[in-house]
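Just so we're clear, the structure is a prediction, and the values are computed from it rather than from any experiment. In what follows, chains carry the letters A, B, and so on, assigned in the order in which the sequence lines appear, proteins first and then strands, with residues in each chain numbered from 1. Every heavy atom of this structure was used, including side-chain atoms; hydrogens, water molecules and symmetry mates were not.
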There are 2 protein chains.
Amino acid sequence: MSGAAHLTLTTDVVPFAIHGERLEVLLARQAADWRLPGGPIAAGEELDAAARRYLAAQTGLNDVYLEQLYTFAQPKRHAGQRMVTVAYFALVSTDFPSDDGAPADRQAHWIAVNELPAQAPDGAEIVALAHRRLASKLAYSTIALQLMTEHFTLSELQAVHETILGETLDKRNFRKRILALDCIEQTGALERRRGHRPARLFRAKRPGQVDFIK
Amino acid sequence: MSGAAHLTLTTDVVPFAIHGERLEVLLARQAADWRLPGGPIAAGEELDAAARRYLAAQTGLNDVYLEQLYTFAQPKRHAGQRMVTVAYFALVSTDFPSDDGAPADRQAHWIAVNELPAQAPDGAEIVALAHRRLASKLAYSTIALQLMTEHFTLSELQAVHETILGETLDKRNFRKRILALDCIEQTGALERRRGHRPARLFRAKRPGQVDFIK
DNA sequence: ACAAAAGTGTTTTTGTTACACCCATGT
DNA sequence: ACATGGGTGTAACAAAAACACTTTTGT
């Protein structure tokens, strides 16, 4: 009746960010290769606390949006040792450094979701599942705001949606829809970039909070 | 670094069925009181296999639709022993016996979701979460068919939707929508009940399979 | 003949999609 | 003056909601 024999409970986190029209995942160095951040859950620790702890320790990420994805059991991975993984995904704002330091020194680095290396067991499947979940949530929540910096333009927000969905959206329809959600407001400031009209900056009305639609 | 100390991994299952316009949950006897079916996962066992095993052993249910819901950790439940629960919900067809035998003898019994007893830790929350998930899936999948008997009338299917959603639906709009999904077909037979026109019987085109919409 | 649930279309309203031009800036 | 992305409204279409009467059976 005891299911506890040689059981290791771990978390894996899929940390997403958008960098230059690409959806990327932050991988952590583990021995020779790159893996999703994560590791065993400590005694008395909450699951999401463990996920946050490994994110911080292995990648330096803090204060991200975190959501439980799915729980996987690998019935017998290596000799007697059994592993159960609670998978999470995290959304990281675009201004978190995309990659710093020399490639060899980094303890973590971003890689595009469609260029994942042969990786941790099930790593690619977990990422694919997280990607699907994220894409479907765009339709009925304000979750994309968790990927934005504090201030952002509507075109930037649209580009985030387009990157996740893998399709282009109509500018006027997108703006109509987003503004109707009443989830963002103008800051009053403008973002000026060379060579064209400055864009209005917006911010989330309820930063950190994900609202559902309808 | 070892998260395995005194860790018990368990499953809990929320088995739903519709009985007479009520959404009910099947509880299993555990010592003095009634609990969601479930228990510790055996070594080398898949998570959903454990859920099915406990359902069968504690309630007699077999071959139900099963879906993972969420994973909960109770950081320290009783003295050192830690419990992590992978929650599932199950959908049971209406013809599974609603309750048989004398109340005192039963090893399991159905109870309406809005009349749950003070129960297992988090029992009511797990049921509520499962109920919300089920209700939202009605909008974009054919999941409700998993609650039906092999043959059923459109009015019965509509009643199942109404019971889960807690609101009445328009008969013509409901039929238009369901038939457009191309998930059910007429059997040719009629169900005749006293006192009114007989109803056409339908069956699922792909029983056991849940299709998604759009 | 009456009660009770089954069955059936059309109109109205709402939301979604498609679409093209002017604006403000930097060079 | 030109290149670049920012910003804006309307018409067509599709989907969802509202709505009432006839049919078939049992009593």
Side-chain angles (χ1 to χ4, degrees), chain A residues 18 20-21 94 135-136 138-142 148-149 151-163 165-203 211-214, chain B residues 18 20-21 94 135-142 144 148-149 151-163 165-203 211-214:
Chain A
I18 305 277
E21 317 278 295
T94 305
S136 70
L138 291 184
Y140 63 90
S141 79
T142 61
M148 308 308 292
T149 53
H151 301 319
F152 54 87
T153 69
L154 289 177
S155 294
E156 284 162 0
L157 182 57
Q158 183 177 342
V160 165
H161 279 251
E162 288 175 336
T163 302
L165 293 171
E167 63 187 357
T168 60
L169 301 172
D170 179 86
K171 201 204 300 193
R172 281 173 287 191
N173 293 339
F174 178 79
R175 288 170 184 229
K176 214 184 306 169
R177 199 168 70 79
I178 293 294
L179 294 173
L181 294 182
D182 191 41
C183 60
I184 61 174
E185 61 193 357
Q186 289 192 40
T187 66
L190 297 176
E191 179 186 64
R192 40 195 64 238
R193 274 203 249 230
R194 291 178 274 293
H196 61 83
R197 176 174 178 176
R200 296 186 184 152
L201 285 168
F202 287 77
R203 72 176 143 241
D211 300 325
F212 293 87
I213 296 167
K214 269 184 192 173
Chain B
I18 304 277
E21 318 277 294
T94 306
S136 70
K137 285 208 159 193
L138 291 183
Y140 62 91
S141 79
T142 61
M148 308 307 294
T149 53
H151 301 317
F152 54 87
T153 69
L154 289 177
S155 294
E156 283 162 0
L157 182 57
Q158 181 176 343
V160 165
H161 279 250
E162 289 174 337
T163 301
L165 294 172
E167 63 187 357
T168 60
L169 301 171
D170 179 86
K171 201 203 302 192
R172 282 171 288 191
N173 293 339
F174 178 80
R175 287 168 184 230
K176 218 181 304 170
R177 197 167 73 79
I178 291 294
L179 294 172
L181 294 182
D182 191 42
C183 61
I184 61 174
E185 61 193 356
Q186 288 193 41
T187 65
L190 297 177
E191 179 186 67
R192 42 194 63 239
R193 273 204 247 231
R194 290 179 273 294
H196 61 85
R197 178 175 175 175
R200 296 184 184 153
L201 284 168
F202 288 77
R203 73 177 141 241
D211 301 325
F212 294 86
I213 295 165
K214 268 187 193 171

Peer 1: Nearest-Å distance, CG (A/Leu157) to P (D/dG6)?
Peer 2: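 In whole Å, D/dG6 P lies 13 Å from A/Leu157 CG.
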Peer 1: Report the nucleotide, chosen from C/dC19, D/dG7, C/dA6, that has the shortest atom-to-atom distance to any side-chain atom of A/Arg175.
Peer 2: D/dG7
Peer 1: Report the distance from atom CG of B/Asp170 to atom C1' of D/dA15, rounded to the nearest whole Å.
Peer 2: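 Those two atoms, CG and C1', are 15 Å apart.
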Peer 1: For A/Phe152 and D/dG6, give me the distance from atom CZ to atom P, rounded to whole Å.
Peer 2: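 One finds 14 Å between P of D/dG6 and CZ of A/Phe152, rounded.
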Peer 1: Do B/Val160 and B/Glu156 make a side-chain contact, defined as non-hydrogen atoms from C-beta onward lying under 4.5 Å apart?
Peer 2: no
Peer 1: Regarding B/Arg200, tell me which of base, sugar-phosphate or nothing describes its non-hydrogen contacts under 4.0 Å with the strands shown.
Peer 2: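 It contacts sugar-phosphate atoms only.
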Peer 1: Ignoring hydrogens, what is the shortest heavy-atom contact between A/Arg172 and A/Asp170? Give both atom names and the distance.
Peer 2: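 Closest approach of A/Arg172 to A/Asp170, heavy atoms only: N-OD2, 3.1 Å.
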Peer 1: Any donor-acceptor pair under 3.5 Å joining the side chain of A/Lys176 to the base of D/dT10?
Peer 2: yes
Peer 1: Near DNA chain C, under 4.0 Å by heavy atom, which residues of residues 184-196 of chain B?
Peer 2: B/Gly195, B/His196
Peer 1: Tell me the interatomic distance from A/Phe202, atom CZ, to D/dG6, atom P, rounded to whole angstroms.
Peer 2: 12 Å
Peer 1: Taking NZ from A/Lys171 and C1' from C/dC22, how many angstroms apart are they, rounded to a whole number?
Peer 2: 11 Å
Peer 1: Taking the side chain as every heavy atom from C-beta outward, state whether A/Phe202 and A/Leu157 have any pair of such atoms under 4.5 Å apart.
Peer 2: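 Result no, sub-4.5 Å side-chain heavy-atom pair not found.
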Peer 1: Under the side-chain contact (heavy atoms from CB on, under 4.5 Å) rule, what do A/Gln158 and A/Leu154 come out as? Steps first, then yes or no, please.
Peer 2: CA-CA 6 Å; A/Gln158 183 177 342; A/Leu154 289 177; over 6 Å; no
Peer 1: How many whole angstroms separate atom CD of A/Gln158 from atom P of D/dG6?
Peer 2: 9 Å
Peer 1: Over all heavy atoms of both residues, which pair between A/Ser141 and A/Ile213 is shortest? Give the atoms and the distance, please.
Peer 2: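 Residues A/Ser141 and A/Ile213, closest heavy atoms: N-CD1, 3.5 Å.
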Peer 1: State whether B/Ser155 places a side-chain N or O below 4.0 Å from either non-bridging phosphate oxygen (OP1 or OP2) of C/dA6.
Peer 2: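 For C/dA6, OP1 or OP2 has a side-chain N or O of B/Ser155 closer than 4.0 Å.
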Peer 1: For the side-chain contact (heavy atoms from CB on, under 4.5 Å) test, which of B/Glu191, B/His151, B/Gln186 pairs with B/Arg200?
Peer 2: B/Gln186
Peer 1: Side-chain N or O of B/Arg177 less than 4.0 angstrom from OP1 or OP2 on D/dA16?
Peer 2: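 For D/dA16, OP1/OP2 do not have a side-chain N/O of B/Arg177 under 4.0 Å.
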Peer 1: So does B/Leu201 get a backbone contact from the side chain of B/Thr187, meaning a donor-acceptor N/O pair under 3.5 Å?
Peer 2: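 Answer holds: yes.
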Peer 1: Using heavy-atom distances to pick each residue's nearest nucleotide on DNA chain D, tell me which of A/Glu156 and B/Pro198 is more 5'.
Peer 2: A/Glu156
Peer 1: Could you state the atom-to-atom distance from CD1 of A/Ile178 to C1' of C/dT16 in whole Å?
Peer 2: 15 Å
Peer 1: A/Asn173 CG to D/dT8 C1': how many Å, rounded?
Peer 2: 12 Å
